[in-house]
Amino acid sequence: MYDPEQIEKKWQDKWEQAKIFEADPIANKEKIFMTSPYPYASGPSHIGHGRSFINGDVFARYYRAKGYNVLYPMAFHITGTPVLAISSSIERNDKETIERMEEYVSLHTADREQVKRLVESFVEPWNIVNYFSDTYKNDFKALGMSLDWRREFTTGDKLYNKLIEWQFHKLFDEGYLEKGEYPILYCPQCGNAVGEDDISSGDELNLDINEYTCIKFPFEDAYLVPSTLRPETIYGATNLWMNPTGTYVYARVNGDIWVISEEATILLKNQNKDIEILEKFKGIDLIGKKVKSIDGARDLLILPGDFVDTSVATGVVYSVPAHAPYDYVALLDLQKNDATMKEFKLNSEEIKKIEPIQIIDLLDFEDFPAKVYCEKYDVHTQTDFEKLDKATAENYKVEFYSGVLNDKCGKYKGMKVNEAVVKVIDDLIEDEKADKIFLPVTKDLKCKCGKEILVSILRDQWFLNFNAGDWKQKALKCLSNMNIVPTKYRMNFEHVFNWLEKRPCARKRGLGTQLPFDDNWIIESLSDSTIYMSFYTIIHLIKKNNLTPEQLMPAFFDYVLLNVGNIKNLSNETKIKEIVLKQIQQEFEYWYPVDHRHTAIMHISNHLSFYIFHHVAIFPEKHWPKIVSLMEPVIIEGQKMGKSKGNVISISNIISNYSADLFRFYISHSGDFGISVDWREKQIQIVKNHILRFYNFISENTVKLIKIEGKIENIKTKYANIVLSKCTKKFVEAEIGLKNLNIRKYLQLSFYEVFNIIQDFNRYCEDANDILEVYKIIFPNWVKLLSLTMPHLCEELWEMMGNTEFLSTVIWDDFNKDYINNDIESEFDYISDVIADILNIQKIVSSTNLSKFYLYTAPSWKYEVSKIITSKEGNFKKIIDECKQIPDFIKNPNLIPFVKNQIKNRKWEKDIINLNEKNLLEEYKGYIEKKINSSIIINSDYDPKKRSPKALPNKPAIYLET
RNA sequence: GCGGGAAUUGCCAAGUUUGGUCAAAGGCGCUGGACUCAGAAUCCAGUCUCGUAGGAGUCCGGGGGUUCGAAUCCCCCUUUCCGCACCA
């Protein structure tokens with residue numbers, strides 16, 4: 001009886017007691033260092049983590065089985081804001097967060113009171129981290145992961161911080177770090193930068209920031225300052241729009257006097273501007289007045305625009321009716337509306353004279369774009385917001401990518417719009433004719449505290465500059481020497497590398513490591529997880545020797561990780577014994593580099609690229625990464641897995657509803673790395689049956705094998721030898737699959753294909769003893785191979801076979817190639833072909849089971865002619881010439897039709913195997929008859945339908961008598 | 001938009017690097033049969049179309065092309081998924 005729960009617990013305990021996955025350096029033994037990225041400990045583990053670590057585990061187990069000393073460790077990532085966000089939500093008594101956390105905690109804790117207490121304790125961030133890292137550990141142990149848990153840590157540990165400090169010293173020394181300005185989302189109430197986790201519905205909204213250009217139009221003694229996302233259209237400005245009911249101010253901004261909306265002053269204040277409000281007034285007061293255009297050449301009227309939102313940017317816009325559908329329609333509206341013009345005391349003649357100025361040319365456009373798109377989307381008035389938004393979007397997209405500035409644009413003439421934008425901004429700012437203002441792309445972004453989010457500008461943001469020095473060249477060099485599996489993802493890396501420029505690498509808040517030379521900053525969470533694999537190699541020794549964070553000074557890591565510095569001095573300085581330093585250093589040297597890292601493709605453009613960049617920045621070439629294998633994500637019943645969808649399946653769920661071996665098998669087999677694994681409940685149940693069938697089959701037969709020797713010499717029938725040969729081949733191929741890091745192929749071959757051969761064998765082999773002899777030989781290898789995926793079940797079967805050592809520690813021999821016999825296999829293939837032909841005929845004539853099949857093998861001359869055909873590569877004339885040499889052949893009336901038929905079917909391309917067909921058919925008579933459920937008669941003289949002349953080499957003629 | 005994937009016979013999914021052995025593995029589903037009181041499970045056979053003879057026809061997103069020969073190579077198109085920088 002297969003009881004996965006009991007079996008899995010049993011072997012997990014045994015492995016743990018025996019410490020078989022705790023890896024220490026062994027002199028002269030080759031090592032493999034295998035990793036998957038540490039998970040984030042702010043929630044429970046789910047099947048996506050499962051896929052990554054199970055794949056990794058299959059590899060780790062395979063490497064171990066091939067005789068390598070394998071280190072497969074894991075740790076926990078806690079850096080950044082998510083954990084803090086949970087704590088502050090709990091503190092705030094946020095219902096949603098509390099419910100979610102209670103749900104998470106309930107996965108491992110049944111008692112309601114206990115759950116409540118635990119969640120309450122989450123106000124303290126470390127309680128979250130500790131709780132979830134423990135559940136991860138439980139879950140992963142319950143999946144049979146062959147991890148070395150002695151090396152576990154979190155990225156918030158003081159010891160870990162020391163490594164990261166050292167890393168940033170190194171990057172700084174290399175000149176890869178620099179400072180600059182940077183806009184961020186900011187909550188004025190919390191006084192903090194905010195991210196996805198701090199923002200209401202932050203995971204669903206667009207959290208990008210728009211950069212508006214504020215253009216200073218000279219106006220009386222001040223500037224009227226509209227803002228725009230499209231400063232390149234400045235030459236097409238015809239007028240300005242202000243909201244007549246909006247509140248505006250005269251304000252001193254960094255020395256100048258600006259006319260802007262009142263709300264804008266708050267934004268600017270947060271963006272490092274000195275602001276002093278001088279005077280408030282209503283928009284209507286300026287309607288009808290004029291400003292000078294930027295080049296001073298024209299006067300632009302200030303006109304009333306109800307659509308102008310004073311809370312957006314500066315609350316003033318300039319109008320480009322030729323290229324902005326909103327402006328175009330607003331202008332038309334006004335020109336038609338005498339009442340409004342009268343109301344604002346505008347000169348209607350003057351307004352009616354305003355004409356759109358086209359400054360961007362597009363191929364195949366009959367009219368200016370704003371008009372074209374307004375017509376396309378059937379826009380009638382400025383209140384058709386929906387249509388106008390669509391028109392604007394398309395207008396912008398087309399102009400941005402295909403538009404060229406025309407001769408009205410001065411020195412920008414001929415530039416493409418997407419290039420001109422950048423240039424115009426730079427020039428205007430250079431000339432002090434413009435400034436910038438930043439806004440969130442999404443309106444009304446709210447912090448979870450309730451306050452509206454603004455954009456603030458950091459002055460001294462630290463960046464990693466990937467273009468500095470030869471950093472990128474080194475990274476590309478590393479990449480070109482790496483093995484990327486599946487290969488189709490390599491292009492992706494190359495592109496990312498070329499595209500990487502600068503990345504902010506520190507933040508104002510969050511858990512993590514302080515920037516060592518600027519303690520206002522916390523190192524950003526993707527930058528502190530790039531070379532941490534090196535920490536796995538030494539952390540257990542650091543802990544064992546009770547080293548303190550203070551002892552892990554930069555010189556310590558210089559020595560351990562780079563083998564730089566004098567050990568005596570270091571020992572004096574750090575108060576660490578030389579022998580300990582030496583040991584730590586040697587352990588690092590032994591395990592490094594990371595041989596194989598396995599993770600999801602989504603990490604290509606960030607983590608994995610940084611992994612490579614930081615390694616090449618800090619380590620010598622011999623310690624650069626070697627293999628990266630990648631997998632697509634796990635989806636649920638065809639749907640993307642996600643918190644908001646509520647379809648996340650946790651590992652603890654898997655363990656209680658299924659079993660580790662089943663999960664491991666399913667996740668490994670249901671798709672190659674390059675496709676998403678679809679978790680489908682119905683399929684799981686089916687696979688469960690397959691595994692059960694396998695277990696029962698092996699365990700039931702194993703009982704019968706006690707007295708069986710398992711020697712090929714004891715095997716009497718050819719069929720048994722063939723099965724042995726075929727299975728051995730499958731094993732060899734399966735292992736090639738593993739070598740190529742193709743787990744699915746390995747499983748397909750070793751599980752399904754071998755099982756199919758064996759089951760057929762079990763059914764049709766007539767020699768009961770042969771069956772057992774073959775089983776005795778095959779089973780141990782079979783179970784070994786499958787133990788990578790189903791370690792518990794296979795350990796159990798292995799033990800059942802009388803073995804005392806762990807299967808997980810057995811080093812595999814090569815599969816015995818002596819069992820492979822291609823000759824008898826091709827004989828068997830011949831028999832299989834004959835059977836297929838007979839079954840086909842049976843099907844067509846729908847014969848009864850009582851019928852008889854007469855088989856007639858081809859005469860020897862056809863074999864000889866076939867050889868001639870092959871040697872002449874199907875050249876008819878040459879073949880006949882050759883046949884003419886032999887009178888018997890050329891006299892034979894069947895010769896020409898035979899030759900023509902063989903040529904037509906391009907038979908010369910395949911070798912005709914020389915078989916004694918008659919003997920073979922006799923030999924396999926019983927097998928054939930059992931398979932076709934009819935009797936056969938071989939080479940009888942009885943041939944009423946004259947079928948025998950149809951016989952071809954390796955293809956006997958068949959006559960069916962019903 | 002940029003960049004990278006993907007599209008296979010009812011479904012899932014191999015095959016594409018290295019063209020022929022591909023009507024295309026395997027699993028599922030479906031149909032028929034065995035077993036069973038019955039169901040589940042298990043086992044057998046079939047499952048593109050036509051065919052009372054092992055054959056023929058059509059097929060691998062669409063359209064062209066290269067080749068004696070294309071799921072596989074080249075070009076164009078369509079659809080779809082993923083990433084696009086401070087969330088990790």
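Source: prediction; values computed, not measured. Reminder, nothing fancy here: chain letters follow the sequence lines and each chain counts from 1.
The same atom, P, is picked in B:U16 and in B:A25; the two are 14 Å apart, to the nearest Å. Look at the C1' atom in both B:C50 and B:C12: the space between them is 29 Å, to the nearest Å. Atom C1' of B:C74 sits at a distance of 7 Å from the matching atom of B:U66, rounded to the whole Å. Here the separation of B:G65 from B:C60, taken at their P atoms, is 15 Å to the nearest Å. One C1' atom belongs to B:C73, the other to B:U67, and the distance between them is 10 Å to the nearest Å. Straight-line distance between the C1' atoms of B:U49 and B:A23: roughly 11 Å, to the nearest whole Å. Here the separation of B:C77 from B:C84, taken at their C1' atoms, is 25 Å to the nearest Å. On the P atoms, B:G62 is 39 Å away from B:A40, given to the nearest whole Å.
No contact: A:Pro183 has no heavy atom under 4.0 Å from any strand. Residue contacts shown for A:Ile686 are limited to sugar-phosphate atoms, with no base heavy atom under 4.0 Å away. Within the nucleic acid shown, A:His607 has no heavy atom closer than 4.0 Å to any nucleic acid atom. Using a 4.0 Å heavy-atom distance criterion, A:Asn492 is classed as a sugar-phosphate-only contact. Among the protein residues, A:Ser670 comes within range of the sugar-phosphate backbone only, with heavy atoms under 4.0 Å from sugar or phosphate atoms but none that close to a base. Residue contacts for A:His690: at a heavy-atom cut-off of 4.0 Å it reaches the sugar-phosphate backbone alone, with no base atom in range. Within the nucleic acid shown, A:Tyr489 has no heavy atom closer than 4.0 Å to any nucleic acid atom. At a threshold of 4.0 angstrom between heavy atoms, the contacts of A:Leu500 include nucleobase atoms, whether or not backbone atoms are also involved. Residue A:Ala957 is classed as a base contact, given a heavy-atom separation below 4.0 Å to a base. Among the protein residues, A:Lys502 comes within range of the nucleic acid bases, having at least one heavy atom under 4.0 Å from a base atom. Contacts of A:Asp678 with the nucleic acid, taken as non-hydrogen atoms under 4.0 Å apart, are absent.
Nucleotide B:C60 has no partner under the Watson-Crick or G-U criteria, as no pair reaches both atom distances under 3.5 Å. Using the Watson-Crick or G-U wobble rule with both distances under 3.5 Å, B:A45 pairs with B:U31. Under the Watson-Crick or G-U wobble criterion, with both distances below 3.5 Å, B:U16 has no partner in any strand shown. Pair assignment for B:G1 gives B:C84, based on Watson-Crick or G-U wobble hydrogen-bonding distances that are each under 3.5 Å. Look at B:G39: it lacks any Watson-Crick or wobble partner with both distances under 3.5 angstrom. Across all strands shown, B:U72 has no partner, as no Watson-Crick or G-U wobble contact with both distances under 3.5 Å is found. Across the strands present, B:U78 finds its partner in B:A7; the criterion is a Watson-Crick or G-U wobble pair with both atom distances under 3.5 angstrom.
At a cut-off of 3.5 angstrom, counting only N and O atoms as typed in the model, there is no donor on one side facing an acceptor on the other between the side-chain of A:Asp672 and the base of B:A13.
Note: A:Phe466 and A:Phe610 meet the aromatic proximity criterion, with ring centroids under 6.0 Å apart. Centroid-to-centroid, the aromatic rings of A:Tyr532 and A:His77 stay 6.0 Å apart or farther. Taking the six-membered ring for Trp and the full ring otherwise, the centers of A:Tyr38 and A:Tyr136 sit at least 6.0 Å from each other. In this structure, A:Phe751 has its ring center under 6.0 Å from that of A:Phe665. Ring to ring, A:Tyr856 and A:Tyr959 are not that close: their centroids are 6.0 angstrom or more apart.
Atom CE of A:Met491 is separated from atom P of B:C84 by 19 Å (rounded to the nearest Å). Atom NZ in A:Lys945 sits about 14 Å away from atom P in B:U52, given to the nearest Å. Computed from coordinates, the A:Tyr2 OH to B:A41 C1' distance equals 17 Å when rounded to whole Å. One atom, CG of A:Asn606, and another, C1' of B:G83, lie 9 Å apart when rounded to the nearest Å. Residue A:Ile691 contributes atom CD1, which lies 13 Å from atom P of B:U42 at whole-angstrom precision. A:Glu501 has its CD atom 18 Å from the P atom of B:C2, to the nearest Å. Between the C1' atom of B:G26 and the CZ atom of A:Phe665 lies a distance of 11 Å, rounded to the nearest Å. Across the protein-nucleic acid pair, A:Asn742 atom CG and B:A14 atom C1' stand 10 Å apart, rounded to whole Å.
The side chain of A:Trp499 lies closest to B:C84 when the candidates are B:A13, B:U42, B:C84. Picking from B:C43, B:A53, B:G51 the nucleotide with the shortest atom distance to the side chain of A:Arg693 gives B:C43. Among the nucleotides B:G55, B:G27, B:C43, the one closest to any side-chain atom of A:Tyr752 is B:G27. Here the side chain of A:Ile841 is nearest to one of B:G54, B:C2, B:G26, namely B:G54. Checking B:G26, B:A88, B:U52 against every side-chain atom of A:Gln748, the shortest atom distance belongs to B:G26. When distances are taken from the side chain of A:Glu753 to each of B:C12, B:A88, B:A25, the shortest belongs to B:A25.
A side-chain N or O of A:Lys472 and one of A:Asn467 form a donor-acceptor pair less than 3.5 Å apart. In summary, the side chains of A:Thr789 and A:Tyr746 do present a donor paired with an acceptor at a separation below 3.5 Å, with no hydrogens or angles considered. Using modelled atom types and a 3.5 Å distance limit, the side chains of A:Glu399 and A:Asn395 yield a donor-acceptor pair.
Along RNA chain B, the nucleotide nearest to A:Leu839 and the one nearest to A:Gln759 differ in position, and the one closer to the 5' end is contacted by A:Gln759. When the nearest nucleotides of RNA chain B are assigned to A:Lys640 and A:Leu526 by heavy-atom distance, the more 5′-ward of the two goes with A:Lys640.
An OP1 or OP2 oxygen of B:C84 is reached within less than 4.0 angstrom by no side-chain nitrogen or oxygen of A:Ser605. Phosphate proximity of B:A88 to A:Arg507: present, with a side-chain N or O under 4.0 Å from OP1 or OP2. Close to B:G26, at under 4.0 Å from its OP1 or OP2, lies no side-chain N or O of A:Arg744. Taking side-chain N and O atoms only, A:Lys843 has no distance below 4.0 Å to OP1 or OP2 of B:A53. Within the structure, a side-chain polar atom (N or O) of A:Thr81 is placed less than 4.0 Å from OP1 or OP2 of B:A88.
The 12-atom threshold is not exceeded at NZ of A:Lys950, counting heavy atoms of other residues, nucleotides or ligands nearer than 6.0 Å.
Between the side chain of A:Asn742 and the backbone N or O of A:Leu738 there is no donor-acceptor pair closer than 3.5 Å.
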